[in-house]
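Below is one structure; the comments refer to it alone.
In the text below, chain A, chain B and the rest are named by the order of the sequence lines, each starting its count at 1. Just the heavy atoms: all of them, side chains too, but no hydrogens, waters or symmetry mates, feed the values below.
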Protein chains: 2
Amino acid sequence: MPYMDVKPSDLEWKKGSAELLILSLVEARPRHGYEISKLIEQRSGGAVHFHVASLYPLLYRLEKRGWLQGRWVEKSGQRRRRYYRLTPQGRKILASQRRGWQTFVEAINRITEVEHA
Amino acid sequence: MPYMDVKPSDLEWKKGSAELLILSLVEARPRHGYEISKLIEQRSGGAVHFHVASLYPLLYRLEKRGWLQGRWVEKSGQRRRRYYRLTPQGRKILASQRRGWQTFVEAINRITEVEHA
DNA sequence: CGTCCATATATGGCATGGCAACATATTACG
DNA sequence: CGTAATATGTTGCCATGCCATATATGGACG
């Protein structure tokens with residue numbers, strides 16, 4: 001039976017938000033993919049979850065665009081990790097996306113507000 | 001040259017928000033597709049725009065799911081219009097989606113907040 | 001020492017949903 | 001009569017996220 005799930009949109013809302021999330025999380029310091037995915041879950045209290053199958057390809061895309069720069073780090077007693085840091089261009093994009101997200105949310109709120117009389 | 005657009009996500013953010021927008025707009029009274037698309041543009045100040053190629057198929061989906069009920073209305077001096085009204089089930093879904101949207105936005109904001117020291 | 005779990009990265013194929021482009025009608029206005 | 005605004009509709013493409021699966025390492029436990 002399809003459409004049993006009352007909230008299919010919860011899944012769809014995520015689309016496009018991943019970029020902003022990742023850029024934000026590597027703003028303060030470089031992080032690796034797995035760390036980013038854990039942070040998203042923790043900080044959202046489980047409300048938002050990005051699968052690794054979405055995350056890694058997205059990291060490659062962001063690096064390809066020059067917004068992130070990745071670097072392999074190998075430490076004894078650890079599996080190799082690829083740390084991504086925000087490039088100057090990425091920093092500009094992040095600022096722009098933060099503004100855009102605010103504008104978007106305000107617009108959605110304005111439209112979906114309960115009509116008063 | 002690809003990726004010239006600094007904000008590809010602005011387009012992606014919309015994905016999934018359309019359901020909430022439409023359900024909200026037919027909450028107070030029945031509306032037809034064209035009216036809904038105009039309202040979205042007006043109330044968002046042009047920040048959000050849904051193309052008809054997204055809108056009409058979505059209206060059919062929502063009707064198919066029993067969240068909306070459509071009805072043709074013909075008036076002299078007007079092209080025929082299909083007015084959609086919110087069903088009782090649709091009303092429940094709308095309430096649920098409003099809550100879900102709030103939760104989602106709060107989660108995103110929490111994750112993307114600038115880190116304080 | 002073997003097994004299981006958490007860590008960590010990677011990929012092929014699928015589903016969803018918005019968009020561009022195109023298409024059809026009707027009414028109003030000059 | 002041409003053009004714009006209104007109003008609905010469809011086909012095919014593309015971007016993005018998900019599922020399932022795969023590989024590899026280290027630590028804990030028995």
Side-chain angles (χ1 to χ4, degrees), chain A residues 2-3 5 7-22 30-42 48-65 68 70-84 97 104 108, chain B residues 2-3 5 7-22 30-42 44 47-65 68 70-84 97 104 108:
Chain A
Y3 301 131
D5 189 354
K7 306 201 278 182
S9 299
D10 288 54
L11 302 168
E12 302 306 325
W13 285 334
K14 285 192 283 187
K15 296 199 176 180
S17 65
E19 282 184 17
L20 175 59
L21 293 181
I22 292 178
R31 297 187 194 274
H32 56 95
Y34 190 76
E35 189 186 5
I36 291 173
S37 89
K38 290 296 166 192
L39 268 175
I40 291 176
E41 277 213 61
Q42 284 167 22
V48 181
H49 171 76
F50 270 93
H51 291 246
V52 291
S54 318
L55 193 60
Y56 289 110
L58 178 52
L59 287 169
Y60 311 149
R61 285 203 300 276
L62 297 184
E63 185 170 15
K64 208 170 183 181
R65 293 182 200 169
L68 297 184
R71 173 177 150 255
W72 284 111
V73 175
E74 313 220 17
K75 273 190 199 161
S76 62
Q78 279 182 348
R79 225 190 137 332
R80 61 168 195 167
R81 295 166 169 171
R82 190 161 177 84
Y83 279 85
Y84 293 91
Q97 291 214 2
F104 177 72
I108 297 296
Chain B
Y3 302 129
D5 190 355
K7 307 202 275 183
S9 299
D10 289 53
L11 303 167
E12 303 306 323
W13 286 332
K14 287 192 283 187
K15 295 198 176 181
S17 65
E19 281 185 17
L20 174 59
L21 293 181
I22 292 178
R31 296 188 195 274
H32 56 97
Y34 191 76
E35 189 186 3
I36 291 173
S37 87
K38 289 296 164 189
L39 268 174
I40 291 176
E41 278 215 58
Q42 284 168 23
S44 71
V48 182
H49 172 75
F50 270 94
H51 290 247
V52 290
S54 316
L55 193 60
Y56 290 111
L58 178 52
L59 286 169
Y60 311 149
R61 286 204 299 277
L62 297 183
E63 184 170 14
K64 207 171 184 180
R65 293 182 200 170
L68 297 184
R71 173 178 150 256
W72 284 111
V73 175
E74 312 219 16
K75 272 192 200 162
S76 60
Q78 279 181 345
R79 223 187 139 338
R80 61 169 193 165
R81 295 166 170 172
R82 190 161 176 85
Y83 280 86
Y84 293 92
Q97 291 215 0
F104 177 71
I108 297 296

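Going from atom CZ of A:Arg31 over to atom C1' of C:dA8 covers 16 Å, rounded to whole Å. Here the P atom of nucleotide D:dC18 and the CD atom of A:Glu12 are 9 Å apart, to the nearest Å. Rounding to whole angstrom units, CD of residue B:Glu63 and C1' of D:dT8 are separated by 14 Å. The interatomic distance linking A:Lys75 (NZ) with C:dT9 (C1') rounds to 18 Å, in whole Å. Atom pair A:Leu20:CG and D:dT16:P shows a separation of 14 Å (rounding to whole Å applied). Note: CG (A:Leu59) to P (C:dA10) measures 9 Å, nearest angstrom. Straight-line distance from the CG atom of A:Leu55 to the P atom of D:dG17: 10 Å, rounded to whole Å.
The ring pair (Phe, Tyr, Trp, His ring centres under 6.0 Å) search around B:Phe50 returns none, not counting sequence neighbours. The salt bridge (charged side-chain N to carboxylate O under 4.0 Å, His left out) check on A:Glu41 picks up nothing, with sequence neighbours excluded. A:Tyr83 is linked by a ring pair (Phe, Tyr, Trp, His ring centres under 6.0 Å) to A:His32, counting only residues two or more places apart in sequence or in another chain. Legend: residues meeting salt bridge (charged side-chain N to carboxylate O under 4.0 Å, His left out) with A:Arg81, ordered by chain and number and at least two apart, are absent.
Taking both residues in full, the closest heavy atoms of B:Tyr34 and B:Tyr56 are given as N-OH, 3.7 Å, listed atom of the first, atom of the second, then distance. Here the closest heavy-atom approach between residue B:Leu59 and residue B:Leu68 is recorded as CD2-CD1, 3.8 Å. Nearest approach of B:Val52 to B:Pro57, heavy atoms of both residues: O-CD, 3.6 Å.
Among the protein residues, B:Tyr60 comes within range of the sugar-phosphate backbone only, with heavy atoms under 4.0 Å from sugar or phosphate atoms but none that close to a base.
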Could you pull out the protein-nucleic contacts involving nucleotides 5-7 of chain D (nitrogen or oxygen on both sides, under 3.5 Å)?
residue : atom : partner : partner atom : Å
D:dT6   : OP2  : B:Tyr34 : OH           : 2.9
D:dA7   : OP1  : B:Arg81 : NE           : 2.7
D:dA7   : OP1  : B:Arg81 : NH2          : 2.1
D:dA7   : N3   : B:Arg79 : NE           : 3.0

Provide a list of protein-nucleic acid N or O atom pairs under 3.5 angstrom, restricted to nucleotides 18-21 of chain C.
residue : atom : partner : partner atom : Å
C:dG18  : OP1  : B:Gly16 : N            : 3.0
C:dC19  : OP1  : B:Lys14 : NZ           : 2.3
C:dC19  : OP2  : B:His51 : N            : 3.4
C:dC19  : OP2  : B:Ser54 : OG           : 3.1
C:dA20  : OP2  : B:His51 : ND1          : 3.0
C:dA20  : OP2  : B:His51 : NE2          : 3.0

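We find that B:Glu12 and B:Lys15 are joined by a salt bridge, their nearest charged nitrogen and carboxylate oxygen being less than 4.0 Å apart.
The structure places CD of A:Glu19 at 8.5 Å from CH2 of B:Trp13, a figure rounded to the nearest 0.5 Å.
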